[in-house]
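The figures here come from the full heavy-atom set of this structure, side chains too, leaving out hydrogens, waters and symmetry mates. Just so we're on the same page: letters track the sequence lines, and every chain starts at 1.
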2 protein chains.
Amino acid sequence: MGFREDVRKVKALADENRLAIMLALQHGEKCGCVLLEELNITQPTLSHHMKILCDSGLVASRKEGKWMHYSLSPEGISSYREMISGYVRCDCECEEDESDTCCCNTTG
Amino acid sequence: MGFREDVRKVKALADENRLAIMLALQHGEKCGCVLLEELNITQPTLSHHMKILCDSGLVASRKEGKWMHYSLSPEGISSYREMISGYVRCDCECEEDESDTCCCNTTG
DNA sequence: CACATATATTTACGGTTGTCAATGTGTAAA
DNA sequence: TTTACACATTGACAACCGTAAATATATGTG
């Protein structure tokens, strides 16, 4: 919702390993030990990254016995894409009127 | 194209000021001095952020006299959104077959 | 030419962040 | 209960990153 929250969400994806985790989860739920085999990192590092991804809402977790199952959250995915669309967008149909707030326009 | 490049592009947006710059440019081209008034940062810091945004392809620059005009790049915007879509996505129609690569499935 | 303005670069500093070793917690099996 | 396994937490360290002062470059003005 807020700007600070948006910054946190963008940063949640701004890491090599976390991007790789997003790819690894695209085909379904996986538990931590499997992710650990696929990524060349230690277990505490994986735990660290999963916490960030879960906090961002992109990933959901489910505990089953001693295993943690991680999966992409459809709501989080949707929310993230909407958030990004708010920043990465050209308002091409917007009038040029506002551009004359620039100090160095030669059109005036 | 490559994974490393994707990481760089995601990181290009993972900053409070750079997100604010993306918003500031949504309604058209602006020169550096105007951005400088809108953001509470110094001129070297702005120059630093603009370089990162331009390198990522999201922002285009145009020199006119002593002024630098910055604007959102439609191609960069489009490319960025496609790139993000590759990572932030649920393959919901995908079969669950691949999930049995997990060491701790109880369905088998 | 000297001077002012807009921007880029260099340099240094402080805070953040990714990483792993060590340890703690919880769960299941022997 | 003891042992083994999966995961979380803590602490420490190194690398990265945002920041601004100082300086450099480029353009325009007198």
Side-chain angles (χ1 to χ4, degrees), chain A residues 3-22 24-25 29-56 59-71 101-106, chain B residues 3-22 24-25 29-56 59-71 99 101-106 108:
Chain A
F3 182 67
R4 289 296 173 96
E5 192 66 22
D6 290 346
V7 176
R8 268 189 61 244
K9 288 177 78 169
V10 176
K11 285 187 177 180
L13 228 54
D15 176 82
E16 173 183 4
N17 284 311
R18 292 197 291 272
L19 269 187
I21 292 169
M22 292 298 290
L25 292 180
E29 191 180 59
K30 284 184 181 175
C31 71
C33 54
V34 169
L35 290 174
L36 201 52
E37 290 173 358
E38 300 184 7
L39 308 166
N40 246 4
I41 56 179
T42 62
Q43 180 269 323
T45 299
L46 175 67
S47 190
H48 167 71
H49 288 309
M50 297 317 297
K51 180 173 172 55
I52 292 175
L53 285 175
C54 288
D55 285 349
S56 76
V59 171
S61 63
R62 180 175 65 88
K63 187 169 188 177
E64 183 180 343
K66 51 183 175 178
W67 293 286
M68 282 293 286
H69 296 263
Y70 298 103
S71 59
T101 56
C102 188
C103 64
C104 41
N105 276 347
T106 54
Chain B
F3 183 66
R4 288 297 173 95
E5 192 65 23
D6 290 346
V7 176
R8 266 190 62 243
K9 287 177 77 169
V10 176
K11 286 186 176 180
L13 229 53
D15 174 82
E16 174 183 2
N17 285 310
R18 292 197 290 272
L19 270 187
I21 291 169
M22 292 299 289
L25 292 180
E29 191 179 61
K30 284 184 181 176
C31 70
C33 54
V34 168
L35 290 173
L36 201 51
E37 291 173 356
E38 300 183 8
L39 308 165
N40 247 3
I41 56 179
T42 63
Q43 180 269 322
T45 300
L46 176 66
S47 189
H48 168 70
H49 288 309
M50 297 317 297
K51 180 174 173 54
I52 292 174
L53 285 175
C54 289
D55 286 350
S56 77
V59 170
S61 63
R62 178 175 65 88
K63 187 170 186 176
E64 184 180 342
K66 53 183 175 179
W67 292 286
M68 282 293 287
H69 295 263
Y70 297 103
S71 60
S99 67
T101 56
C102 187
C103 64
C104 41
N105 276 347
T106 54

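Atom NE2 of A:His48 and atom P of D:dA8 are 13 Å apart (whole Å). With rounding to whole Å, A:Leu35 atom CG is found 9 Å from D:dC7 atom P. Rounded to whole Å, atom P of C:dA6 lies 13 Å from atom OH of B:Tyr70. A straight line from CG of B:Leu13 to C1' of D:dG18 spans 16 Å, rounded to a whole angstrom. Residue B:Glu16 contributes atom CD, which lies 14 Å from atom C1' of C:dG15 at whole-angstrom precision. B:Leu36 has its CG atom 13 Å from the P atom of D:dT19, to the nearest Å. Separating the CG atom of A:Leu53 from the P atom of C:dG18 is a distance of 10 Å, rounded to the nearest angstrom. Atom P of nucleotide C:dA8 and atom NE2 of B:His69 are separated by 12 Å, given to the nearest angstrom.
Contact check for B:Leu35 versus B:Met50: side-chain heavy atoms found under the 4.5 Å cut-off. No side-chain heavy atom of A:Glu38 sits less than 4.5 Å from a side-chain heavy atom of A:Ile21. Between A:Glu29 and A:Arg62 the shortest side-chain heavy-atom distance falls below 4.5 Å. Between B:His49 and B:Ile41, some side-chain heavy-atom pair lies under the 4.5 Å cut-off.
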Filtered N/O pairs between nucleotides 20-22 of chain D and protein, under 3.5 Å:
{"unit_1": "D:dA20", "atom_1": "OP2", "unit_2": "B:Thr42", "atom_2": "N", "d": "3.1"}
{"unit_1": "D:dA20", "atom_1": "OP2", "unit_2": "B:Thr42", "atom_2": "OG1", "d": "3.1"}
{"unit_1": "D:dA20", "atom_1": "OP2", "unit_2": "B:Thr45", "atom_2": "OG1", "d": "2.9"}

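Set against D:dT27, D:dC17, C:dT27, the side chain of A:Lys63 has C:dT27 as its closest nucleotide. In the set C:dT7, C:dG18, D:dA8, the nucleotide with an atom closest to the side chain of A:Ser47 is D:dA8. The side chain of A:Trp67 has D:dA6 as its nearest neighbour among D:dG18, D:dT19, D:dA6.
For the atom pair CG of B:Leu53 and NZ of B:Lys9, the computed distance is 12.5 Å after rounding to the nearest 0.5 Å. With rounding to the nearest 0.5 Å, the separation of CE in A:Met68 from SG in A:Cys33 is 12.0 Å. Considering NZ of A:Lys11 and CG of B:Leu13, their distance stands at 12.0 Å, rounded to 0.5 Å.
Two residues, A:Lys66 and A:Arg18, neighbour DNA chain C, and the one matched to the more 5' nucleotide by heavy-atom proximity is A:Arg18.
For the pair B:His49 and D:dT19, the criterion of a side-chain N or O lying under 4.0 Å from OP1 or OP2 is met.
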